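Below is one structure, written out as structure tokens; the observations come after it.
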Amino acid sequence: MKWDEFFVTGEPMIYAAMVSIVLVSVAIVGSLTYFKKWGYLWRNWLTTVDHKKIGVMYIIAALLMLFRGGVDALLMRAQTAVPENGLLDGQHYNEIFTTHGIIMILFMAMPFIIGLMNVVIPLQIGARDVAFPRLNAVSFWLFFFGAMLLNLSFVIGGSPDAGWSAYFPLASTEFSPTVGNNYYSLSLQIAGIGTLMTGINFLVTILKMRAPGMTLMKMPMFTWSILITSVIIIFAFPVLTVALALMMLDRQFGTQFFAMQNGGMDMLWANLFWVWGHPEVYIVILPAFGIYSEIISTFARKNLYGYKSMVVSMVAISLLSFLVWVHHFYTMGHGVMVNSVFSITTMAIAVPTGVKIFNWLFTLRKGKISFTSPMLYALAFIPIFTIGGVTGVMLAMASADYQYHNTMFLVAHFHYVLIPGTVFAVIAGYHYWFPKVFGFRLNEKLAKWAFWFIAISFNVTFFPLFILGLNGMTRRMYTYSASTGYGPLNMLSMVGAVGLTIGFLLLVYNIYWSTRYAKRDTTGDPWDGRSLEWSTPSPVPEYNFAKTPVVTKLDAFWFSKKENTSLTEGEYEPIHMPNNNGQPFIMGVAFFFFGFFMVFSWWIPAIIAGLVVLGAMAYRTFEKDHGHHIPVDEIERTEKALRGEQS
Amino acid sequence: MKIDHAKPLEYSTEENRLKVLGFWIFLGAEIVLFSTLFAVYFTLVNRTGNGPAGSHIFELTPVMVETVVLLTSSFTIGLGIHAMRLGAKKAMMTFFGITLLLGAVFLGVEITEFVTYVHEGATIQTSAFLSSLFTLLGTHGAHVTFGLLWGSAILLQVKKRGFTPETANKSFIFSLYWHFLDVVWIFIFSFVYLKGMM
């Protein structure tokens, strides 16, 4: 292989990206060395097993990926803003919409949610950490290096270009000869293993580590949503594992699974992909429902309306999520009976979702609503998401879908569910729980400006796409002629995209501004919250709870404030905590190199990297690590300092 | 660490109980993984292209040997765990050793079987049916291989450290894994080989 095949060449924008990657790397390494922060980075972050720090790292990575995916989105909108645009060529456009999809779903939405659940779940259930802290670190590093591997494809070897759903035969070596789809199969595989481990970890954590007295029906709604999401992850992700493995075998080992001859079946890929892919949609939306439930109930100052029906509808959604995958390819011709069945199951999902919408509305009814920034996102979510839901029912009708299929109408629909659903939720959750982690609130004024920019621009960007789709503009079309008349609405959409960019930049600027100037919160409970995480001081000490809280009802912390009772009793006891360790990080690095060498089919280096992975596992099994105990006097000192008392 | 002496050693600490539950859930995910592979196999079983069908290449003798060996190994690891509960270190190590040995025999026969197929012109690249066959069997075989490495590592730890809550927990979890591989094999034996030879 020659060098000019190894690096992506011939695109000025990619040269610019290469230069910026090198410059940013040099800047990071240089400043870490100059400020002597390598030791700090290693001891406090890279080796950590603390669920709060792992959560923060997930969210930072997700924000970075949001910008990478956002740049892709801007480029797509810019390319289609005017007819016959020459900004990007067809191949480059294919790569950009593919990586936009992969990154936004798998490396932005998922890690943002997993980050929030890492930070919040142990605190909400009164636990000191997750069930398997070391495994949690392994999960994070597998996700992180999987994401890095995919991003590398941009400059080395070429990005995947067959869409985020990578349908065969398009994704086969015959039609996608670059290594791009090898990156797809391997990077998602590595990150996917991490996600599966997270699912197992949180299911055990929630089932087994709740505070005394917190029965399942006394859990906060966010915890419920993560419990159900974990179950979906455990049942859905192994299917992706198999699908990606078969893809790798087909592309790199000459098997015939999805081939056009020798008995292969290209539709098998579409089925496997969506058997995972549709539950995946609910993996990113159910936690969002959980976040909104927490926020709406907190800022309406009321308990959540219809708690039981909320739980039942989430369980119903999780079951139905596995029974609808065929609606992604009605047009592929499997007959009236099959299409009708999947049409009905798909429409059925609207019922439990509708129940949830009405529950939120009834929670708001007669509430004392305070319009904080998280609450604004929650309030905007309800009407916008409903538009997304209603267009979803339109798409669910198989016969009508022949008209909408693969048009911009579909693109508008899933952005209308994913952005107000998932993206608004994670931003709302991020504003809501930010003071818990860092000890100060983000500036409300800046946050509200960002909100209005994002909420209005979102509609300006995506509403025109409904009309464009109905007028016949197909998705993934890199350019069009002026005579189609698609120009003006696409231009309007571009204007919206610029507004969204401003909103997201404001969001990030707010971190900088608030870190410098925001007033520190000493109460630990800045929003007058309802669940256990607000009973801890902010920032939360390493051990979370000095004494284990005892829960007697839902919203126990809220009632303990109202009735002026204490959630804890007894004396401090030494607390057992896990030790930090560099093994998960090193295993992640080894996985990264393993994936990279596999992409290029360099077998010997890949085997060596694979042996390092096995070696890291062997190290783990032989290692003797019993963790450490935090003595009582240290707990007393920490608690006094955090509560602002003098010792 | 609180040790509850009323429970067997592998369940005696909170951490151990979490790990056993976590592993059961992991096995749930493994069931989904193998179910998907079986679904792929059943989808492609008649799509043989220009290659041979199952009935042309399957032979009963090696498959019977594999089945007997693996089923016996599941029995011996059960005896190993029973010995561990009784605190008989030497017996436990012997039974685990026999288990791993039987696992290695299984793997040897399977590899010979693969080599025979390839010599007969039935490679993983020949047809969609053979791709799915080799992938299903290979995934199971890779699990057995990993089990051999993992089991040996545990055996070494039991030898060095004796029965502690950690080593007992690891041995017990490993036995769950091994039984699981046996269950998968029963499905492979019935629905791939027996059905394929009919």
Side-chain angles (χ1 to χ4, degrees), chain A residues 130-133 135 193 196-197 199-205 207-209 230-231 233-243 245-246 249-250 253-259 261-265 267-269 271-272 275-276 322 576 578 614 617-627 629, chain B residues 1-2 13-15 17-40 43-51 53 123-132 134-136 138-139 146 149-150 152-154 156-157 160-161 164-167 170 174:
Chain A
V130 293
F132 313 114
L135 190 65
I193 297 168
L196 177 62
M197 296 303 151
I200 296 172
N201 210 339
F202 278 82
L203 183 57
V204 177
T205 306
L207 286 178
K208 285 288 183 184
M209 295 177 73
S230 301
V231 175
I233 288 176
I234 292 160
F235 283 105
F237 265 77
V239 183
L240 178 72
T241 305
V242 171
L246 303 190
L249 289 171
D250 254 20
F253 296 86
T255 56
Q256 311 289 343
F257 290 105
F258 313 125
Q261 67 282 318
N262 300 321
M265 192 195 267
M267 279 306 297
L268 182 60
W269 167 265
N271 277 281
L272 288 175
V275 168
W276 161 78
F322 283 92
H576 179 247
L614 280 180
M617 289 182 188
Y619 169 83
R620 170 60 174 157
T621 184
F622 284 107
E623 149 187 56
K624 278 187 195 166
D625 181 0
H626 298 294
H629 282 88
Chain B
M1 188 174 14
K2 284 190 210 84
T13 66
E14 183 61 33
E15 202 183 324
R17 289 192 286 273
L18 293 178
K19 282 183 175 161
V20 173
L21 176 66
F23 199 79
W24 274 110
I25 295 171
F26 172 75
L27 287 183
E30 286 271 65
I31 290 174
V32 180
L33 183 115
F34 277 102
S35 309
T36 312
L37 285 170
F38 273 109
V40 169
T43 309
L44 299 175
V45 66
N46 293 321
R47 303 175 72 101
T48 51
N50 297 321
T123 71
I124 194 169
Q125 302 179 336
T126 310
S127 68
F129 156 68
L130 287 167
S131 299
S132 64
F134 276 104
T135 307
L136 175 58
T139 308
F146 185 79
L149 295 174
W150 184 17
S152 314
I154 289 170
L156 279 176
Q157 289 171 50
K160 262 207 316 230
R161 299 174 198 168
T164 64
E166 287 87 24
T167 55
K170 286 176 188 177
F174 178 71

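Predicted model, so just to flag it, every value in this text is computed and none were measured. Chain A is the first sequence line, chain B the second, and so forth, proteins listed ahead of strands; every chain is numbered from 1.
Contacts of B:Lys170 with chain A are made by side-chain atoms alone, with heavy-atom separations under 4.5 Å and no backbone atom involved. Interface remark: A:Ala131 contributes backbone and side-chain atoms alike to the contact with chain B (heavy atom separation under 4.5 Å). Looking at A:Leu240, there are no atoms closer than 4.5 Å to chain B (heavy atoms on both sides), in backbone or side chain. Proximity to chain B is limited to the side chain of A:Leu272, based on heavy atoms less than 4.5 angstrom apart. Heavy atoms of B:Thr135 lying under 4.5 Å from chain A belong exclusively to its side chain. Both the backbone and the side chain of B:Phe26 come within less than 4.5 Å of a heavy atom of chain A.
Applying the ring pair (Phe, Tyr, Trp, His ring centres under 6.0 Å) criterion to A:Phe253, with sequence neighbours excluded, gives A:Trp603. Annotation: side-chain hydrogen bond (donor to acceptor under 3.5 Å, both in side chains) contacts of B:Gln125 (sequence neighbours excluded): none.
Counting only heavy atoms from C-beta outward, the side chains of B:Thr126 and A:Asn262 never approach each other to under 4.5 Å. In this structure, B:Phe134 and A:Thr255 have side chains that are not in contact, with every pair of non-hydrogen atoms separated by 4.5 Å or more. For the pair A:Lys208 and B:Arg17, the minimum side-chain heavy-atom distance is 4.5 Å or more. Side-chain contact between B:Val32 and A:Phe237: absent, with no pair of heavy atoms (C-beta onward) separated by less than 4.5 Å.
Here the OG1-CG distance, from A:Thr621 to B:Leu156, works out to 9.5 Å after rounding to the nearest 0.5 Å. Remark: A:Ile234 CD1 to B:Leu27 CG distance equals 11.5 Å, nearest 0.5 Å. To the nearest 0.5 Å, atoms CZ (B:Arg161) and CZ (A:Phe622) are separated by 7.5 Å. Remark: A:Asp250 CG to B:Ser131 OG distance equals 7.0 Å, nearest 0.5 Å. Note that the CZ atom of A:Phe202 and the CD1 atom of B:Ile25 stand 13.0 Å from one another [nearest 0.5 Å]. Taken to the nearest 0.5 Å, the CD atom of A:Gln256 stands 12.0 Å off from the OG1 atom of B:Thr48.
Most heavy-atom pairs under 4.5 Å with chain B: of the set A:Val242, A:Leu614, A:Ile233, this distinction falls to A:Val242. The greatest number of non-hydrogen atom pairs below 4.5 Å with chain A, out of B:Ile124, B:Asn50, B:Thr123, is found for B:Ile124. Looking only at heavy-atom pairs under 4.5 Å with chain A, the residue among B:Ser127, B:Ala39, B:Gly28 that has the most is B:Ser127.
For A:Asp625, the CG atom sits in a packed shell: over 12 heavy atoms of surrounding residues, nucleotides or ligands are nearer than 6.0 Å. The number of heavy-atom neighbours closer than 6.0 Å to CZ of A:Phe235, taken from other residues, nucleotides and ligands shown, is 12 or below.
Nearest heavy-atom pair across A:Pro238 and B:Ala29 is CG-O, 3.4 Å. Taking each heavy atom of A:Gly263 and B:Ala128 in turn, the nearest pair found is O-CB, 3.2 Å.
Under a 3.5 Å cut-off, the side chain of B:Glu166 and the backbone N or O of A:Lys624 do not form any donor-acceptor pair.
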